[in-house]
Amino acid sequence: MAVKRRTATAVARTGRATDERLGSAAFLRRNIRKAFPEHWSFLLGEIALYCFVTLLLTGVFLTLFFKPSQEQTVYTGSYPFLHGEKVSEAYASTVHISFDVRGGLLVRQIHHWAAMLFVAAICVHLMRIFFTGAFRKPREINWVIGTTLFALAVAEGFAGYSLPDDLLSGTGLRIMQGIVLSIPLVGTYLSLFVFGGEFPGHDFIPRLFTVHVLLIPGILLALISAHLMIVWHQKHTQWPGERQTEENVVGAPTYPKFLAHTLAFFLYVLGVLALLGTWAQINPIWLYGPYRPDSDTSGAQPDWYVGFLEGALRITPRISWDLAGHSIAWNVFLPAVVLPVCFFTLIGLYPFFERWVIGDPRPHHLCDRPRNAPTRTALGVAAIVWYGNLWAAGGNDVIAEVFKVRLEYTTWFFRVGFFVLPVLAFAVTRRLCLSLQRSDARKVTGGVESGTIKRLPSGEYAEVHDRPDREQVVIARTVHPDDLVEALPDHIIPLPTPRRIIAQVRSRLNRSYTKYAAEVPTPEERRELEKRDAEPARSVTG
């Protein structure tokens, strides 16, 4: 008992000393009751965070044994099929980690699976934010940070995938060198600088190792920290409901409930990654063999997150120009340099584009239901279909082989799909969203089908409709923000000046966004709905 009292006293003294120097007690009192909404969709960002933590922990372990060198050595390890082969030290050390370091293969596979899941979680998290409108004011900066994290995660994954210097990763590096060479005017010089001479050079793996373990992780850590601090400072978004408004946050307090939940979730993520690393083999470089510049791997496929670049390269027709003694390979430069730069830039700038179109200066803390923003939802689905078409095109040779069709047919299918499929996805998704809105409106006004059939005095049979509960009404009720709909410009003399053209385009975009955009009920409409609760709860619809 005395020992416990001494321990408690020591802890109290330490706490007082810390508070006197850092003011931590006031900070904790102010933030320990901060509420976090409880919904599964908000866990997507936490998956990305915990994958990043796992990557840091496993990466430190792997760094202790990996040799970032392209110097040639003779393999003498425990894998018998490579005995006597001349390989790079990077490749030999990776095989050594896999077969001779206790737990090395498990840690290496956990690291690779965590990288795959890290990029996937960021991607799905961005989609959740996009489709729910959680990027709107005041969260535009966090959206830009998230887009930057997505791009950096793709680059970091490609760098780690390329370090073992096996035949598969070497093929990817050869493609990367071709992409660098396609940059007009400076491509040759950039290639010589990156690889330290002619491909494959002797300096690339050491330089890539520094980028992979120091530069990009440092930037990722800084951006993730900034992202979390902004989320903590701003109110957390939440789904609309009976108690949820723009002025409050309904959820679990930081301590103890949210803290316990998030720690348990971290253990779940780590456990899933450990199971994947144990039972699901990934990147078995000893089967691919070391990289040889004169060799290639049949049916080689990159990790999923760079598959869209591979597909863009495969479906682009051969286009090259000779200008002033310089050859420009547009069929490489456009799909592999211009397209990804435009793709990530457009994603990052989208919140500012939507705000310019709609002209809504208000802060938003409630998430949109995707059906209530049909144009935005349709654009998002179109982008996913466009990306998926390119991703599938990256395996057009495998598809042709499996389904026994000519390679030219699959290539032309994906070329046509590049333009046609996103348009079809946009049109279908927008119509589905509007249909779902009308269905919600019918439930609010006409009631919910009960499955009970009643015979009327006239002999007619009709179904009894129940009134939806108030929570359902609040969520389903849609209100069109007429104050945001702009009138079409009416110019007396329709001169096509740049300013007038921009005004016409903006007004039409505004109507496509706001004419069917929906919001949760205003306070006045909430009071109206409460009055309706006093009316009879059931109605008969013939």
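Scope of the values below: all heavy atoms of this structure, side chains included, with no hydrogens, waters or symmetry mates. Quick caveat: nothing in here was measured; it's all calculated off a predicted structure.
- Ring pair Trp232/Phe36: centre-to-centre distance below 6.0 Å.
- Between Leu309 atom CG and Ile175 atom CD1 the span is 10.0 Å, to the nearest 0.5 Å.
- Dense packing is recorded around CD1 of Ile230, with more than 12 heavy atoms of other residues, nucleotides or ligands lying under 6.0 Å away.
- One finds the CZ atom of Phe266 at 11.5 Å from the CD atom of Glu46 (value rounded to the nearest 0.5 Å).
- For the residue pair Leu273 and Cys51, the shortest heavy atom distance occurs at CD1-SG, 4.3 Å.
- Looking at Thr429, its side chain never comes within 3.5 Å of a backbone N or O of Phe426 through a donor-acceptor pair.
- Aromatic rings from Phe42 and His236 are positioned such that their centres are separated by under 6.0 Å.
- Side-chain atoms of Val231 and Asn142, non-hydrogen and from C-beta on, do get closer than 4.5 Å to each other.
- Smallest separation of non-hydrogen atoms from Gly394 and Gln301: O-OE1, 3.2 Å.
- The line from CD1 of Ile129 to CZ of Phe131 is 12.5 Å long, rounded to the nearest 0.5 Å.
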Item to check | side-chain contact (heavy atoms from CB on, under 4.5 Å) assessment of Val213 paired with Val60 | outcome: CA-CA 9 Å; Val213 303; Val60 170; over 6 Å; no
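- Side-chain contact between Cys367 and Arg128 is present, with at least one heavy-atom pair separated by less than 4.5 Å.
- In this structure, Val272 and Leu275 have side chains that are not in contact, with every pair of non-hydrogen atoms separated by 4.5 Å or more.
- Other residues, nucleotides and ligands place more than 12 heavy atoms under 6.0 Å from the CZ atom of Phe352.
- Under the 30°/60° scheme for interplanar angles, the aromatic rings of Tyr350 and Phe353 are found to be tilted.
- Side-chain contact between Ile145 and Leu149 is present, with at least one heavy-atom pair separated by less than 4.5 Å.
- In terms of heavy atoms, Tyr513 sits closest to Val357 at CD1-CG1, 3.8 Å.
- Sorted by first and then second residue, the salt bridge (charged side-chain N to carboxylate O under 4.0 Å, His left out) pairs involving residues 373-394 (not counting sequence neighbours) are Glu354-Arg376, Asp368-Arg376.
- In the displayed structure, Phe344 atom CZ is contacted under 6.0 Å by more than 12 heavy atoms of other residues, nucleotides or ligands.
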Next on the checklist: Let's go through Val186 and Ile183 carefully: what are the C-alpha distance in whole Å and the side-chain angles of both, what is the deciding distance for side-chain contact (heavy atoms from CB on, under 4.5 Å) to 0.1 Å, and is it a yes or a no?
Outcome noted: CA-CA 6 Å; Val186 299; Ile183 301 175; 3.7 Å; yes
Next on the checklist: Between His365 and Arg139, does the side chain to side chain donor-acceptor pair (under 3.5 Å) criterion hold? Intermediate values first, please.
Outcome noted: CA-CA 9 Å; His365 303 295; Arg139 296 174 179 83; 2.9 Å; yes
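- Between the side chain of Arg415 and the backbone N or O of Ile315 there is at least one donor-acceptor pair closer than 3.5 Å.
- When all heavy atoms of Ala48 and Ile122 are compared, the pair lying nearest together is CB-CG1, 3.8 Å.
- No side-chain heavy atom of His39 sits less than 4.5 Å from a side-chain heavy atom of Gln238.
- Here the side chain of Thr262 pairs no donor or acceptor atom with the backbone of Leu259 at under 3.5 angstrom.
- The local environment of CH2 in Trp391 is sparse, with at most 12 non-hydrogen atoms from other residues, nucleotides or ligands closer than 6.0 Å.
- For the pair His233/Met229, no side-chain contact is recorded, criterion being any heavy-atom separation below 4.5 Å from C-beta on.
- The residue from Phe343, Phe308, Phe419 that alone fulfils the ring pair (Phe, Tyr, Trp, His ring centres under 6.0 Å) condition with Trp386 is Phe343.
- At a cut-off of 3.5 Å, with distance as the only test, a side-chain donor of Arg430 or Thr375 sits close to an acceptor on the other residue.
- Between atom OH of residue Tyr305 and atom CD of residue Glu156 there is a gap of 9.0 Å, rounded to the nearest 0.5 Å.
- Put simply, CG on Leu43 and OH on Tyr268 are 11.5 Å apart, with the number rounded to the nearest 0.5 Å.
- When side chains are defined from C-beta on, Thr377 does not count as touching Phe130, because their heavy atoms never get closer than 4.5 Å.
- A distance-only check finds a donor-acceptor pair linking the side chain of Ser225 to the backbone of Leu221 [under 3.5 Å].
- Annotation for Ser162 and Leu208: closest pair CB-CD2, 3.7 Å, computed over non-hydrogen atoms.
- Residues Ser41 and Trp239 meet the side-chain proximity criterion, which asks for heavy atoms closer than 4.5 Å.
- Between Leu55 and Ala115, the shortest heavy-atom distance links the atoms CD2-N, 3.5 Å.
- At a cut-off of 3.5 Å, with distance as the only test, no side-chain donor of His212 or Arg207 sits close to an acceptor on the other residue.
- In this structure, OG1 in Thr54 is found 8.0 Å from CD1 in Ile110, a value given to the nearest 0.5 Å.
- Classified by interplanar angle (parallel below 30°, tilted 30° to 60°, perpendicular above 60°), the ring pair His227/His125 is perpendicular.
- With hydrogens and angles ignored, the 3.5 Å screen pairs no side-chain donor or acceptor of Arg136 with any backbone N or O of His364.
- In terms of modelled atom types and a separation under 3.5 Å, the side chain of Gln234 and the main chain of Pro138 share a donor-acceptor contact.
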Checklist entry - Which is it for Phe158 and Asp303 under the side-chain contact (heavy atoms from CB on, under 4.5 Å) test, yes or no, and what are the steps along the way? => result CA-CA 8 Å; Phe158 177 78; Asp303 281 344; over 6 Å; no
Checklist entry - Given the rule in the side-chain contact (heavy atoms from CB on, under 4.5 Å) test, do Ile47 and Phe265 qualify, once you have shown the distances and angles that lead to the verdict? => result CA-CA 8 Å; Ile47 294 176; Phe265 194 60; 3.5 Å; yes
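- Asn331 places no side-chain N or O within 3.5 Å of a backbone atom of Thr316 that could act as its donor or acceptor partner.
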